[in-house]
Structure formats: structure tokens, C-alpha cells
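Notes for the one structure printed next.
The sequence lines fix the lettering, A, B, ..., with proteins before strands; numbering per chain opens at 1. Nothing here was measured: the structure is a model prediction, and the numbers come from that model.
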There are 2 protein chains.
Amino acid sequence: MRQRTRLPESRARVTLSEVAKLANVSEITVSRIMRNKGPISVETREKVMAVVNRLGYVPNRIAGSLASATSNIIGVAIPSLSNIVFPEVLRGIHAGLKGTDYQPVVGVTDYSMKTEEVLVRSLMAWKPAAMILAGFDHTDPTRQILVQSGIRVAELMDIDPEPIDIAVGLSHRSAGYESGRYLIARGYRRFGYVGHDWAEDKRAKVRYDGLCMALAEAGLTIMAHSIVDGPSSTLAGRAMTANLLAGNTSVDVAVYSNDDMAIGGVFHCLGAGVALREKLAIFGFNGLEIGDALPMALSTVRSNRFLIGKIAIEKILEQPDRRGARSVVDTGFQIIPGETA
Amino acid sequence: MRQRTRLPESRARVTLSEVAKLANVSEITVSRIMRNKGPISVETREKVMAVVNRLGYVPNRIAGSLASATSNIIGVAIPSLSNIVFPEVLRGIHAGLKGTDYQPVVGVTDYSMKTEEVLVRSLMAWKPAAMILAGFDHTDPTRQILVQSGIRVAELMDIDPEPIDIAVGLSHRSAGYESGRYLIARGYRRFGYVGHDWAEDKRAKVRYDGLCMALAEAGLTIMAHSIVDGPSSTLAGRAMTANLLAGNTSVDVAVYSNDDMAIGGVFHCLGAGVALREKLAIFGFNGLEIGDALPMALSTVRSNRFLIGKIAIEKILEQPDRRGARSVVDTGFQIIPGETA
DNA sequence: AATCCAATTGACAGCGCTAACATTGTTCTT
DNA sequence: AAGAACAATGTTAGCGCTGTCAATTGGATT
């Protein structure tokens with residue numbers, strides 16, 4: 001029951017030079033072995049690794065990064081961790097990074113461009129190998145810092161505007177448009193919209209615009225709106241659905257700003273005894289897993305968030321230094337018919 | 001419309017010494033100004049800041065960390081990003097860090113102790129100011145590295161075992177026990193359990209044990225189990241509930257391993273026309289927001305995940321270097337009566 | 001046998017910054 | 001008026017590692 005054992009050769013910090021000394025080789029040789037770089041004979045490698053293991057040596061990446069002027073850090077600035085969408089993108093990022101030794105450093109902007117600027121400065125101080133941001137709205141200084149850094153910069157979620165370097169996402173305009181086309185084809189004509197604050201979520205607005213475009217082509221418009229003043233949530237979706245139905249315009253389908261809101265709508269209908277689809281059809285956006293588990297599967301659009309994170313990393317690793325051409329990857333979207341619309 | 005402007009004094013990398021030279025002061029003076037450390041006259045500060053702004057100088061934290069042997073990085077190793085619980089802890093961590101200039105570096109262990117070990121090594125290479133992990137199960141080397149590092153180490157989610165340094169969480173045993181007491185007091189006697197794989201989620205098992213203890217005290221036992229072989233999910237909860245009800249043991253209440261599973265149970269009942277509470281009462285764990293938006297609010301236990309992350313950071317910042325005494329913070333839990341049990 | 005080559009190892013000079021210890025004036029004590 | 005105490009700045013050495021350019025060895029080539 002050896003409790004609180006000290007490390008083999010207890011000593012606060014083991015350095016390269018100690019290892020080198022004990023293994024009777026030069027520091028650079030140990031360095032090469034630790035990085036699997038350059039030709040090393042089997043005996044030397046074994047001799048050195050024995051010492052490394054005995055001392056429990058862990059290379060100091062700070063020193064390494066300074067010396068080589070490259071870090072294996074990837075800076076990530078996301079708007080929020082509350083909205084399930086971003087943890088899923090993060091999950092994709094981690095999945096893409098698995099097996100490499102890059103480390104993501106994550107910061108949260110709270111949907112503020114000014115906070116993003118401070119964050120980007122702070123992340124850039126670590127000389128990251130690449131930066132990942134959400135969306136295309138940045139302050140001028142942020143954009144300038146990123147442009148002149150020369151490192152790869154990926155802007156995620158959207159592909160409608162022109163990126164600094166890499167864009168990975170989907171066309172929210174098309175997603176909105178196709179949602180409209182789909183619902184029209186299903187025979188719906190009396191459209192309602194249930195949404196949340198667009199100020200923080202520009203992409204929801206773009207989807208709305210796409211939807212309106214499809215409706216306009218069919219000579220239709222959105223007849224009733226119910227928009228909460230705040231971020232999206234299931235509770236808000238529920239309340240806003242009640243609100244929509246209480247209005248004097250009767251609609252046969254409600255399009256929601258996203259699945260959180262739409263699921264709230266489903267809950268309202270289930271609770272209030274409103275027949276889903278017959279009385280009110282519901283259509284969301286995102287394709288969250290939970291939508292599939294509802295008593296009636298949610299009709300929505302899958303937005304491939306995991307993929308967005310994963311592909312961003314793949315693009316970055318594929319070509320770690322920036323060349324001339326920008327690149328845009330469309331991760332697409334899929335209409336999920338479900339049972340609610 | 002100045003497009004693609006170069007930085008004021010274009011030049012790939014601006015260093016301290018350049019700033020110092022142009023401002024006609026020594027490097028250390030610039031360093032002190034950038035770090036707000038030591039006495040600096042107003043004129044000097046202004047003179048230097050003018051140059052800093054003109055050149056767009058951003059201090060290189062890698063060099064700074066190497067020189068000062070301290071970094072402002074906080075290493076975070078969490079099991080998963082799929083389970084909503086951990087992003088919420090992350091959210092607490094970010095909230096606690098707001099306004100400081102610490103940066104969290106997050107890695108994912110996929111519930112594997114071996115992966116955690118690799119991750120911890122890799123994070124330690126950045127000489128972080130503190131480390132945050134989930135749970136108490138670590139490999140021996142991981143524990144050793146953490147113990148001898150001397151930095152603050154917070155183990156989150158749980159407070160039942162003895163921590164390396166700081167523990168922040170709740171007693172899952174008590175949570176399970178109190179859930180049982182609550183349900184017994186509400187008059188339920190025929191208990192069923194719907195759960196997921198305990199191998200990855202030891203805390204679910206501990207809650208189960210606590211529940212059994214409460215039942216045993218009342219001369220009761222769990223009469224039927226329905227356990228999915230895999231992680232928790234709403235879909236699994238739905239399927240396992242169907243499974244439970246299909247068995248030949250009739251139960252009047254089902255306790256779930258967590259809210260994801262319990263919500264699946266609610267969905268099954270809503271879909272299959274099983275009267276919630278009258279025919280089958282449902283009780284979860286976590287207190288997810290969505291439970292509150294269901295047609296009938298979910299009866300569950302709030303586990304304060306955000307708080308756990310936030311308090312962990314507060315403890316770390318309160319006393320950044322480790323002293324003798326370990327500390328354990330109980331963030332508690334609250335029974336949420338809801339309407340399903 | 002002279003030349004060339006690849007494999008293996010090392011010496012040296014920083015990377016950009018900060019800790020620790022001076023060095024100046026200035027103001028305050030007694 | 002001499003010393004103490006403080007404010008403001010500077011000098012000197014690295015932090016622990018890696019890029020660059022040798023140096024050495026033992027064949028392989030011609």
C-alpha cells in the first residue's frame with residue numbers, strides 16, 4: 001500500500017539536458033527521439049527511452065514551441081456553450097484532432113464581436129497553428145489580425161458570405177428555401193413562424209429569408225409570427241406556440257427557428273391536445289437527436305454540425321499553411337420528413 | 001474601402017525588443033507595462049503604449065511562460081462532449097474564468113482511463129496552472145503525475161471518494177438515497193429501474209446503490225430492471241421503457257439512470273397512451289432544462305452541473321498553489337417534484 | 001584506392017520573454 | 001544634513017528546447 005510515493009527520481013522538474021546527461025548523449029539527440037524526427041539508431045533510442053521512463057520526463061512544449069516558433073495549439077472561438085449546436089461542433093473538432101497532437105484551446109464569445117476580438121488576441125498570443133471561429137461577423141481588428149497572421153483560419157457554420165480563408169458549413173438560405181419548397185409540396189399553405197432573437201443568431205434570419213423566398217415564388221406569405229425576445233429554448237418554443245395559436249390568424253403549419261423551439265411546439269400540442277400535423281404541422285431546423293425520439297418524430301433539417309467541426313480540422317491539417325486560394329466546403333443539409341409535417 | 005490593408009508597420013512578427021527600441025526604453029519596461037506590474041510613470045506608459053498600438057504588438061505568451069515558468073493555461077479533461085452534462089460543466093468553467101486571462105485547454109477522454117493518461121501527459125507538457133478532471137478513476141501514472149506536479153488538481157462531479165486535491169460535486173449515493181426516500185414518501189412501492197451501461201458511468205451505479213439502500217430500509221426492492229447495453233440516450237430510454245412495461249412484473253414507478261433516459265420514458269408513455277404517474281411514474285436525474293418544458297414536468301434531481309465547473313475554478317483561483325489540505329465542496333442536489341412522480 | 005553517400009550524432013546559437021538584482025534620483029525622517 | 005525609503009528604470013542571465021550546420025563513421029561505387 002505505497003501511498004504518496006514520490007516519482008522515481010523525485011525532483012520537481014526533469015529537463016532534456018538531464019536526460020541527455022544520464023543517457024550519455026547530446027540534448028539534440030534526446031530531442032529528436034522525443035519528436036520521432038531524424039535518423040536514430042535502435043540502441044540509442046532504447047538507451048534514451050529507458051532514462052526517459054525512469055525519470056518520468058515530459059517534454060516542455062512551451063520551450064519547444066518557442067524554439068521552433070510553431071505550436072500545436074488550435075484556437076477555437078465559439079459563441080456559446082449553452083446552445084447544443086456548438087458542443088457538437090466541438091465534438092467534431094475533437095474527433096478530427098484525435099490521434100494528432102494538436103490541442104484545441106477553446107474560448108467563448110457570448111455572441112459579442114468585441115469579446116471575440118479580445119479572445120482572438122488572447123489566443124493569438126499562443127501562436128496557434130490555426131484558428132477556428134463561428135460565422136463571418138468580426139470586428140475590423142479581428143479580421144486584420146487573422147488575415148495578416150498567415151495561419152489557417154476556418155469560419156464555420158455558414159457558407160453564404162466570402163471567407164477569410166476556409167469556410168465550412170451549409171447555405172442557410174438554401175436550407176430555408178428548401179424547407180419552404182418541401183412544405184409547399186406537402187400541401188401546406190397557411191404558414192406561421194415561431195422564432196427567437198435574430199440579433200444573436202443571424203443565420204436564423206437567413207433561413208427565414210430563404211423560406212420567404214420559396215413562399216413568395218408560390219404566391220404565399222407568412223401569415224403569423226410569434227417571436228420571443230431572447231435566445232431559443234424549448235420553454236420559449238412552447239410559450240410562443242401557445243401564443244401563435246391564440247392569435248386570430250389560423251395557420252396549418254409552423255416553421256420554427258430551430259429544433260429547440262420546435263420541440264417546445266410539439267410539447268405544447270401534446271399538452272394542449274392539439275393534433276400534431278392534422279391541426280398544426282411543425283417543422284424545425286438542426287436535426288437534434290431528441291427530435292427522433294419524440295412520440296411523433298420531428299420534421300426538420302439535419303445540419304451536420306459534427307461534420308462541420310470535423311471537416312474544418314481536416315481542411316486545416318490537409319494543408320497547414322495558408323496558400324492563395326480560399327476554400328469553401330458545403331457540408332449540406334438534409335430534409336428529415338419525420339411525422340410532424 | 002481599404003481592403004486587405006497590411007498591419008500599420010507590416011512585418012511578420014513584432015517583438016518586445018522592437019517596441020522597446022522604438023519607444024527608447026528597455027525591454028523590461030515594456031514587459032512591465034504589458035503585464036501591469038511594477039511602478040511605471042504615466043509618460044513612459046503612454047509613450048510605450050503608443051508604439052504598441054502603432055505596431056500592433058501582441059506579447060508572445062509562449063516566451064513569457066517559458067521565462068516565468070508559469071502559464072495561464074488550465075488543463076481540462078472531460079469524458080465526453082456528447083453527454084450534455086459535460087458541456088454544462090465547461091460552461092461553468094468558462095463562466096468562472098471570465099475576466100481572468102486564464103485559458104482552458106480541453107481534451108476528451110472518451111471515458112477511457114488510458115486515453116485520459118495520454119491526455120494528461122499532453123496537457124501537463126504545457127505546464128498548466130491547474131488541472132481539472134472528471135471523477136476519481138485514474139491510472140496510477142496519471143495520479144502520480146498529478147500528485148507530484150504540485151499544481152492544483154480538481155476532480156469534479158463526485159465527492160464520495162477521497163480527492164487528490166480538490167473535489168467539487170455532489171454525493172451520488174445521497175442523491176440516489178434521497179430519490180428513494182422521496183418516492184417512498186409519495187406512496188410508490190413497486191419500483192422498476194431503467195438504466196444504461198454502468199461501465200462508463202460509475203456514478204449512475206452509485207446512485208442506484210443509494211436508491212437500493214433507501215428501498216431496503218423500507219423493506220422494498222427493485223422488482224424489474226431494463227438496462228440498455230450502451231450509453232444513455234432518449235431513444236434508449238424510450239425503448240427500455242417499452243421493454244420494462246412489456247415484462248410480466250408490473251411496476252408503479254420507474255427510476256431512470258438520468259434525465260435523457262427518463263425523457264425517453266415520458267415519450268414512450270405519451271406515444272403509447274400510458275397515463276403518466278397514474279399508470280407509471282417516472283423519475284430522472286440531472287434536472288435538464290428540457291424536463292421542465294415537457295407536457296408534464298419531469299420529476300427529477302437537479303445536479304448543478306454549471307455550478308460544479310464554476311466553483312472548481314473559484315477554488316483554484318482562490319489559492320492557486322497547493323497547500324497541504326485537500327478540500328471537498330459539496331454542491332448539493334435538489335429534488336424537483338415535477339409532475340411525473 | 002579514391003570518391004561519394006547515407007546514417008548517425010553533436011556544437012552552438014538563439015527563440016522572446018521575465019526574475020533577480022542593480023542603479024539612479026527624489027522625497028521624507030529625525 | 002545624513003541616512004532611509006521609495007519610485008522609476010535598467011543590466012544580466014537564463015527559461016528548456018530546436019534549427020542549422022558540421023563532424024564522424026562505415027560501407028557502396030567506380
Side-chain angles (χ1 to χ4, degrees), chain A residues 11-49 51-52 55-73 101 122 124-129 149, chain B residues 11-49 51-52 55-73 101 121-122 124-129 149 321:
Chain A
R11 194 187 248 132
R13 38 199 242 317
V14 185
T15 66
L16 236 205
S17 84
E18 282 193 73
V19 175
K21 216 166 293 164
L22 290 178
N24 249 307
V25 295
S26 69
E27 300 188 9
I28 191 68
T29 299
V30 180
S31 169
R32 287 189 182 118
I33 291 172
M34 297 310 291
R35 291 178 296 148
N36 281 309
K37 204 187 170 183
I40 297 288
S41 73
V42 182
E43 312 93 74
T44 308
R45 160 168 280 120
E46 280 172 356
K47 185 173 62 178
V48 170
M49 285 313 291
V51 177
V52 165
L55 299 187
Y57 169 66
V58 177
N60 182 334
R61 267 195 208 291
I62 293 182
S65 296
L66 179 60
S68 66
T70 58
S71 86
N72 63 348
I73 275 181
D101 65 0
S122 155
M124 290 304 293
W126 285 100
K127 305 286 162 196
S149 73
Chain B
R11 194 187 242 131
R13 38 200 242 315
V14 185
T15 67
L16 236 206
S17 83
E18 281 194 73
V19 174
K21 216 165 293 163
L22 289 179
N24 250 307
V25 294
S26 69
E27 300 187 8
I28 190 70
T29 299
V30 180
S31 169
R32 286 190 182 116
I33 291 171
M34 296 310 290
R35 289 177 297 146
N36 281 309
K37 207 186 168 185
I40 297 287
S41 73
V42 182
E43 313 92 74
T44 309
R45 159 168 281 121
E46 281 172 355
K47 183 174 62 179
V48 170
M49 285 312 291
V51 177
V52 165
L55 299 188
Y57 169 65
V58 177
N60 181 335
R61 267 197 207 292
I62 295 182
S65 297
L66 179 60
S68 65
T70 58
S71 86
N72 64 347
I73 276 181
D101 65 1
R121 272 186 214 285
S122 154
M124 290 304 292
W126 286 100
K127 306 286 163 199
S149 72
D321 55 292

- In chain order, what residues pass the side-chain hydrogen bond (donor to acceptor under 3.5 Å, both in side chains) check against A/Ser71, with sequence neighbours excluded? none
- Item | For B/Ser122, side-chain hydrogen bond (donor to acceptor under 3.5 Å, both in side chains) partners two or more places apart | A/Gln103
- Produce a footprint string for nucleotides 16-28 of chain C: one letter per nucleotide, 5' end first; B if the base is under 4.0 Å from any protein heavy atom, S if only the sugar-phosphate is, - if neither. BBBBB--------
- Message: Applying salt bridge (charged side-chain N to carboxylate O under 4.0 Å, His left out), can you list everything that pairs with B/Arg45, at least two apart in sequence or on another chain?
- Response: none
- Message: With side-chain contact (heavy atoms from CB on, under 4.5 Å) as the criterion, how do B/Ser31 and B/Arg35 come out once you've worked through the C-alpha distance, each side chain's angles and the decisive distance to 0.1 Å?
- Response: CA-CA 6 Å; B/Ser31 169; B/Arg35 289 177 297 146; 2.9 Å; yes
- Message: Suppose we screen for side-chain contact (heavy atoms from CB on, under 4.5 Å). Which residues come up paired with A/Lys127, at least two apart in sequence or across chains?
- Response: B/Asn60, B/Ile62
- Task: Using atom NZ of B/Lys47 as one end and atom P of D/dA8 as the other, report the distance to the nearest whole Å.
- Result: 14 Å
- Return the set of residues passing side-chain contact (heavy atoms from CB on, under 4.5 Å) with B/Ala129 (not counting sequence neighbours), or none when no residue passes. B/Tyr102
- Message: Run the side-chain hydrogen bond (donor to acceptor under 3.5 Å, both in side chains) test against B/Thr29 and tell me which residues pass, sequence neighbours left out.
- Response: B/Ser26
Could you go through nucleotides 23-28 of chain D and list every protein N or O atom that sits under 3.5 Å from one of its N or O atoms, giving the distance for each pair?
none

- Are A/Arg61 and A/Asp101 side-chain neighbours, meaning at least one heavy-atom pair lies under 4.5 Å? yes
- Message: Tell me the bend of the helix from C/dA1-D/dT30 to C/dT30-D/dA1 as the angle between end helix axes, each from five pairs, rounded to the nearest 10 degrees.
- Response: 30°
- Task: Using the test side-chain hydrogen bond (donor to acceptor under 3.5 Å, both in side chains), find all partners of A/Ser149 that sit at least two apart in sequence or belong to another chain.
- Result: none
- Length of the CG-P vector between A/Asn72 and D/dT18, whole Å: 12 Å
- Message: Going by side-chain contact (heavy atoms from CB on, under 4.5 Å), name the residues that satisfy it together with B/Val52, two or more places apart in sequence or in a different chain.
- Response: B/Val19, B/Met34, B/Val48, B/Met49, B/Tyr57
- Are B/Thr29 and D/dA8 close enough that a side-chain N or O sits under 4.0 Å from OP1 or OP2? no
- Message: Rounded to whole Å, please give me the gap between CZ in A/Arg45 and C1' in C/dT8.
- Response: 12 Å
- Query: Atom CD of A/Glu18 to atom P of D/dG16: distance rounded to whole Å?
  - Reply: 9 Å
- Residues which pass side-chain contact (heavy atoms from CB on, under 4.5 Å) with A/Ser68, listed by chain and number, not counting sequence neighbours: A/Thr70
